[in-house]
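Let me begin by presenting the structure, written as C-alpha cells, before commenting on it.
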Amino acid sequence: MADVDCMEKTSLSDAVKRLDKAVGSLEAAVQRRLDADRSLNALQDDLQRLGEDRSQLAASLDESEARASRLEEANRDVSRRLVSAMETIRSVLDAHGG
C-alpha cells in the first residue's frame, strides 16, 4: 500500500510539474503574442503617420509647382516688357539721333 501511495504522490508530483511547465509555456506564448501585437500596432501607427506626411508633402509640392508656374509666367511677362521697352528706347534714340 505504501508503494501505491508513493507512486500516486510521484505521479501527482509529475503531473503538477507538467502543468507548471505547460502554464509557463502558455504564459510565454501569450507574452510573445502581446509583444507582437504591440509591435504591429506601432508599425500601423507609423504607417498612418507616413501616409499623413506623404499627403502633406504632396500638397506642399503641388503648391510649390503652382507657384513656380506663376513665377515662370511672370518672368516671361517681364522679359517681354523689357524687350518692348528696349525697342521703344532704341526707336526714340534713333528718332532723335541718339
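Counting from 1, the numbers follow the sequence of the chain as shown.
Of the possible donor and acceptor atoms, one in the side chain of Ser91 sits under 3.5 Å from a partner among the backbone N and O of Glu87. At distances below 3.5 Å, at least one donor-acceptor pair connects side-chain atoms of Ser64 with backbone N or O atoms of Ser60. Panel note: side chain Thr88, backbone Ser84; a donor-acceptor pair is recorded below 3.5 Å.
A salt bridge does not link Arg18 with Asp14: every distance from a Lys NZ or Arg NE/NH1/NH2 to an Asp or Glu carboxylate oxygen is 4.0 Å or more. By the 4.0 Å N-to-carboxylate-O rule, Glu27 lies too far from Arg33 to be salt-bridged with it. Using a 4.0 Å cut-off between a side-chain N of Lys or Arg and a carboxylate O of Asp or Glu, Glu73 and Arg76 qualify as a salt bridge. Salt bridge Asp35/Arg32: absent, no basic N to carboxylate O contact under 4.0 Å.
Between the CG atom in Leu93 and the CE atom in Met86 there is a gap of 12.5 Å [rounded to 0.5 Å]. Separation of atoms CD (Glu72) and CZ (Arg70) is listed at 11.5 Å; rounding is to 0.5 Å. For the atom pair Arg81 CZ and Asp77 CG, the distance stands at 4.5 Å (nearest 0.5 Å). Note that CD of Glu52 and CG of Leu47 are 10.0 Å apart. Values are rounded to the nearest 0.5 Å. With values rounded to the nearest 0.5 angstrom, Lys17 atom NZ is found 11.0 Å from Leu12 atom CG.
Residue Arg54 qualifies as open at atom CZ: its count of foreign heavy atoms under 6.0 Å is 12 or below.
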### Task
Decide yes or no on salt bridge (charged side-chain N to carboxylate O under 4.0 Å, His left out) for Asp94 and Arg90, but give the supporting numbers first.
CA-CA 6 Å; Asp94 288 343; Arg90 279 192 195 115; over 6 Å; no
